[in-house]
Amino acid sequence: MANPRRVVIDNQRLSPIINLLKKPQAFPILLSFFLFLTWISLRLQHSSHVSSSSSHPKSTLNSHPDLKVFDDDDKVNLIRFGLASLSPARKDERGWLLDPVILARDSQLKGGAASCVSIHVGEIRPGGLRGNHRHHTCNETFVIWGAKTRFRLENHEVDKGYAEVLIGEDEVAVAVSPSGTAHALVNVDPVRSTFFIGCQDYIQNNSSTSDYKVWNDL
């Protein structure tokens, strides 16, 4: 059985709080209190998210967790994904399928083709080279796969004036080359052929709008 004396003491302790809650000014006080608690909760969640992000190297894109991003990929405007992984470009058991313009845009690659007004599909045999030129009137988006391939893109923020990455034979890469930016694809695979699609948003009618043999070491 409850002690009557204890009940009376507890009621006396709570009565100031109960009286305060009955007053009209109690609502803004309570509202401010709950807003303060909400702010603290959001700050704790944000701190936890930042800590988690900073503890992992830059290896994936948040929008597509299976897309691989290596240190220099952002310097050559490129994303890649493995053929064995379930990625945004892999639709079913038949293999991968993608729209290069949409995938580049959704992956926040800047300067790619706005649409495929002109498109070309090609092969680069082992030791072969494509590109090593600069278009001044179109943006271009590439899909590259099939073999170990070196992709080079002009980048004046890099000391050499360009950046380059190696695409694995088990990867598919999407890269963009903005208008006025030189690019080159080199097959460095001893056996396999590189395959690529080039999508341009303007038709190149003559060679006067392009620069050729940009790099002498290729």
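What you see below is based on every heavy atom in this structure, not just the backbone, and it leaves out hydrogens, waters and symmetry mates.
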For K110, is there an ion pair with D74 - N to carboxylate O distance below 4.0 angstrom?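 Here D74 does not pair with K110 in a salt bridge, since their nearest N and O are not under 4.0 Å apart.
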Give a yes or no on whether a salt bridge exists between E154 and R134, defined as a side-chain N under 4.0 angstrom from a carboxylate O.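 A salt bridge is present here (some side-chain N lies under 4.0 Å from a carboxylate O).
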Please answer: with hydrophobic residues joined when any side-chain heavy atoms are less than 4.5 Å apart, are [X] and [Y] in the same cluster?
{"X": "V101", "Y": "V174", "result": "no"}
{"X": "V186", "Y": "L78", "result": "no"}
{"X": "W96", "Y": "V121", "result": "yes"}
{"X": "F142", "Y": "V165", "result": "yes"}
{"X": "F195", "Y": "F81", "result": "yes"}

Which residues pass the ring pair (Phe, Tyr, Trp, His ring centres under 6.0 Å) test with F196, not counting sequence neighbours? none
Any side-chain heavy atom of [X] sitting closer than 4.5 Å to one from [Y]?
{"X": "R192", "Y": "N187", "answer": "no"}
{"X": "I124", "Y": "L129", "answer": "no"}
{"X": "R150", "Y": "D189", "answer": "no"}
{"X": "V158", "Y": "K75", "answer": "yes"}
{"X": "F151", "Y": "I144", "answer": "yes"}

Can you tell me how far [atom2] of [Y] sits from [atom1] of [X], rounded to the nearest 0.5 angstrom?
{"X": "D201", "Y": "I119", "atom1": "CG", "atom2": "CD1", "result": "12.5 Å"}
{"X": "S115", "Y": "I102", "atom1": "OG", "atom2": "CD1", "result": "11.5 Å"}
{"X": "H133", "Y": "S177", "atom1": "NE2", "atom2": "OG", "result": "8.0 Å"}
{"X": "T141", "Y": "L103", "atom1": "OG1", "atom2": "CG", "result": "10.0 Å"}
{"X": "E171", "Y": "I79", "atom1": "CD", "atom2": "CD1", "result": "11.5 Å"}

Could you tell me if [Y] and [X] have a donor-acceptor pair between their side chains, going purely by distance under 3.5 Å?
{"X": "H135", "Y": "S210", "answer": "yes"}
{"X": "E123", "Y": "S193", "answer": "yes"}
{"X": "E140", "Y": "H120", "answer": "yes"}

Heavy-atom count around D217 CG within 6.0 Å, excluding the residue itself: above 12?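 Yes, the 6.0 Å shell around CG holds more than 12 heavy atoms from other groups.
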Applying salt bridge (Lys or Arg N to Asp or Glu O under 4.0 Å), can you list everything that pairs with R130, at least two apart in sequence or on another chain? none
Say whether, by atom type as modelled, one donor and one acceptor occur between the side chain of S107 and the main chain of R105 under 3.5 angstrom. no
Looking at H136, is its backbone amide N or carbonyl O close enough to the side chain of S179 to form a donor-acceptor pair, meaning the two atoms are under 3.5 Å apart? yes
So N132 and H183, side chain to side chain donor-acceptor pair (under 3.5 Å) or not? Walk me through it. CA-CA 5 Å; N132 195 14; H183 52 265; over 6 Å; no
Are V76 and N155 close enough, and set up right, to give a side chain to side chain contact (heavy atoms under 4.5 Å, CB included), and what steps lead you there? CA-CA 7 Å; V76 294; N155 186 339; over 6 Å; no
Where A113 and C199 come nearest, the two heavy atoms and their spacing: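 Between these two residues, the closest heavy atoms are CB-O, 3.3 Å.
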Take K148 and I167, measure what side chain to side chain contact (heavy atoms under 4.5 Å, CB included) needs, and give me the verdict at the end. CA-CA 5 Å; K148 290 182 180 178; I167 303 165; over 6 Å; no
Just do the side chain to side chain contact (heavy atoms under 4.5 Å, CB included) check on L98 and V143 with the steps written out, would you? CA-CA 9 Å; L98 61 84; V143 183; 3.8 Å; yes
Verdict with reasoning, N139 to V176, per side chain to side chain contact (heavy atoms under 4.5 Å, CB included): CA-CA 8 Å; N139 304 302; V176 304; over 6 Å; no
